[in-house]
Amino acid sequence: MALKERINLPGEARTWYGELPVQSLYTAGDAGDRFLKTLKEKDQFMGSPCTACGEVYVPPKLYCEKCMAELKDWIKVGPDGALESWTEVHVGLDGKRLAQAQLVGLIRLDGATTSMVHLLAGAEPNDLCIGMRMTPVMKPAAKREGAITDILHFRPK
Amino acid sequence: MGNRVAIVGVGMTKFVRRALETGKELSWLASKMALDSCGMTMDQIGCVALGTAPDTFDGVHMKGEYLSDGAGCWGKPYMRSYVGGGTGVFSVAQGWYHVASGMFDTCLVVCEEKMSTFQPHAQAAFLTIFDHTTERPLKPNLLWIFALEMNRYMTAYGLKKEDIARVAVKNKNNALDHPAAQIAAPVTIEDVLNSEVLAWPVQRLDVSPVSDGAVAVILANESVARRVTDKPVWIEGCGWALDTAYWTNRDLCYSRCVEEAARMAYKMAGVTDPRHQIHVAEPYDPFDYKELQHLEGLMLCGRGEAAQLTADGVTARDGELPVCPSGGLLGVGNPIAAAGLMKVAELFWQLRGEAGKRQIARKATRGVAQAWGDLMQVGTVVVLGV
Amino acid sequence: MAKPKAQSPKSEVQSPKSAPAAPPYHPIAHGLSDDDFKHGKVCTTRWTADARYAWDRGVAIGRYLDGLKQGKLLGVRCAKCARIMIPPRAFCEWCFKPVDGWVELEDTGVVNTFSLCYVTWDVKRVKEPQVPAVIEIDGASRGMGIMHLLGGVDPKKVFCGMKVKAVWKPAAEREGAITDILYWKPL
């Protein structure tokens, strides 16, 4: 009686091992592509304002998520900004303790109404406070690849 | 049953092999076009029904939430539905009961897929639909299921490959008139029969492609519909049903779940004689033989008769029962969930007489769109009418 | 069949600069080519999921696998609908009740359907086709099949309705897996 059967010996409860072979190649998208290329080639952060809703999205978007209007005008923002929040991470993705704790922050660039997440460095946790001024540290121009990691991290200004 | 619900606007992106746009951006392009098509704005939308297939394709976990900003979900009640390949048509049913219940006046239905993200080929994503213990160790391939079904179907009814290739020829040629089509081509039966063998009897031109794309439609109750358009297309019925999850225990020549879904939708629509009361059909055609199986499941012909119907030209655009006048998945493309909704969009244009070069010859006031999927076991059906 | 449209204005489909003659009139989405990726014309990110699982075998499949290790195919029986089912399950999905017992089935069956597959699961071409099949197992109810591979036969000679028999791994090498059956050969 299958459902009424019980596994009484722990050795009988066995598992089957496997994995999901998933590899992904993401495009940055229409807006993302322009944002990353401008950052890579011109050291310039851009944002997309929606005048109707009063938002300036950074990273920029093709559209305003509130009113769904197309965002055609792009404006320069940053590069400096304010620290909106931060945390010190001690545990890695695999659940193990990190050898070196990692600082992560939410940064709102000057001129933006939205925040972006990035790594922090050049500061001790005790030195950080919400609202403090931050500035990006970029990869050398030759090593940039059009990715969000072209920004190495943000540090206190 | 419930309040009357109409489709009042539609929008769709081009279907392409690989899009520059992210899934969010594709969703927005389709949503925006749907809003513009009926002169509506987001503040007139009550809720959002989002349909999108496995997270594995886009490589984004909780893809519904990820796509939400592009689909107009900000600050709105939102729900994602997912029944595999059946999603595109099911999402209309989901939007329908949001509005039919009286809870919302309007609903934006958005379906998106960005399959190109999966590397090296989206097909490998399907390995994980097979049972992990009793099937996956055999290293199965999605083509196996389709090839096994197709062989069974051909064997049961004594059909030849060319009987089935006619569907691919019809649909790929129909798609030549679809501005969003990915693989429209003026192919012939010989082209199909000479194309590369993937998993016999399945050859390259028997199969729909991997695609990126999005489609959106706007549903409204009667009072809103009458205000925003003088040509509402009513959702007269919808249905969905599942077969057993053990696909090797199923009758592989016949989609029982499609029949059950169709019976549910027809009953709601008051359709008692589908062969005469349905004037145009958009059945799910990820593979050419599936269109035939689904025509039979939809009870638009007897079992094993769909191939003859196709050979006789009945299902051509100028035939008595035009089938996949859009070009279907075989011609327009197959971004899973979006492909199903594309079929609903096509009926919208056909029933309003706005399909331009694709307009079917006969007069049509009622059509059926159908999709199929999950573990090859779900049927989803929507009946539309004017 | 649709009328041949060899002369159809394909160029119009590909470059809809003038308004197309059918809806949707302005579908957008920028298609990318392999070149765009190779030469870094678009910004991309790559990621490989590390998704590893340990699935519990469960009661019914656990015993099925134990049977395979002993060289037996086990099915289950439901007294209410009188079906003998394989793969085994703990409950009958028709009657929605626990099944009523185990049945040892034959290791022979009939090919319900088959395919000659020239593409592997990860989309690589192979010269010699694999022959996946749904095999209805002798001793189970009609239509009760499992998916497996055929072997020891010229692929061109396989047909629906062919009687086949399991070719097992040597007993010492079996591990309680569906692959304890190497393939099915004509009986």
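To find a chain, count down the sequence lines: A is the first, B the second, and so on, and within it residues start at 1. Predicted model, so just to flag it, every value in this text is computed and none were measured.
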Next on the checklist: Can you tell me which of C:V119, C:L116, C:L149, C:V123 forms the most heavy-atom pairs within a distance under 4.5 Å of chain B?
Outcome noted: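 Highest number of pairs under 4.5 Å: C:L116.
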
Next on the checklist: Counting heavy-atom pairs closer than 4.5 Å to chain B, which one of C:R125, C:E136, C:Q130 comes out on top?
Outcome noted: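 Result: the option with the highest number of such pairs is C:R125.
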
Below 4.5 Å from any heavy atom of chain B, which atoms of [X] appear? Answer side chain, backbone, both or neither.
X	value
C:Y53	neither
C:V134	both
C:Y64	side chain

Rounded at 0.5 Å granularity, tell me how far [atom1] in [X] sits from [atom2] in [Y].
X	Y	atom1	atom2	value
C:W121	B:F126	CH2	CZ	13.5 Å
C:M147	B:T134	CE	OG1	7.5 Å
C:I178	B:T133	CD1	OG1	10.0 Å

Checklist entry - Hey, mind stepping through C:R46 and B:Q119 against side chain to side chain contact (heavy atoms under 4.5 Å, CB included) and telling me if it holds? => result CA-CA 9 Å; C:R46 254 180 205 285; B:Q119 299 291 306; 4.1 Å; yes

Checklist entry - Does C:D34 reach the side chain of B:R18, with side-chain heavy atoms less than 4.5 Å apart? => result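 They are in contact (side-chain heavy atoms under 4.5 Å apart), so the answer is yes.
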
Checklist entry - After noting the C-alpha distance and the side-chain angles of C:T113 and B:L252, does the key distance pass the side chain to side chain contact (heavy atoms under 4.5 Å, CB included) rule? => result CA-CA 9 Å; C:T113 180; B:L252 294 174; 3.7 Å; yes

Checklist entry - Under the 3.5 angstrom rule, does the side chain of B:R358 hit a backbone N or O of C:A22 as a donor-acceptor pair? => result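 The answer is no, because no donor-acceptor pair under 3.5 Å joins these two groups.
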
Checklist entry - Are any side-chain N or O atoms of C:E93 and backbone N or O atoms of B:T244, one a donor and one an acceptor, separated by less than 3.5 Å? => result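 Pair absent, no side-chain N/O of C:E93 close to backbone of B:T244.
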
For [X] versus [Y], what's the shortest heavy-atom pair and its separation?
X	Y	result
B:N141	C:T120	ND2-O, 3.1 Å
C:P24	B:H178	CD-CE1, 3.4 Å
B:K14	C:A29	O-CB, 3.6 Å

Checklist entry - Distance under 6.0 Å and angle within 45° of the ring axis: does B:R152 meet both against C:F114? => result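 That pair does not qualify as a cation-pi contact.
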
Checklist entry - Side chains of B:N249 and C:R83: do they bring a donor and an acceptor to under 3.5 Å? => result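 Side-chain D/A pair, B:N249 to C:R83: absent.
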
Item to check | side chain to side chain contact (heavy atoms under 4.5 Å, CB included) between B:N151 and C:C160, worked out | outcome: CA-CA 8 Å; B:N151 189 9; C:C160 294; 3.9 Å; yes

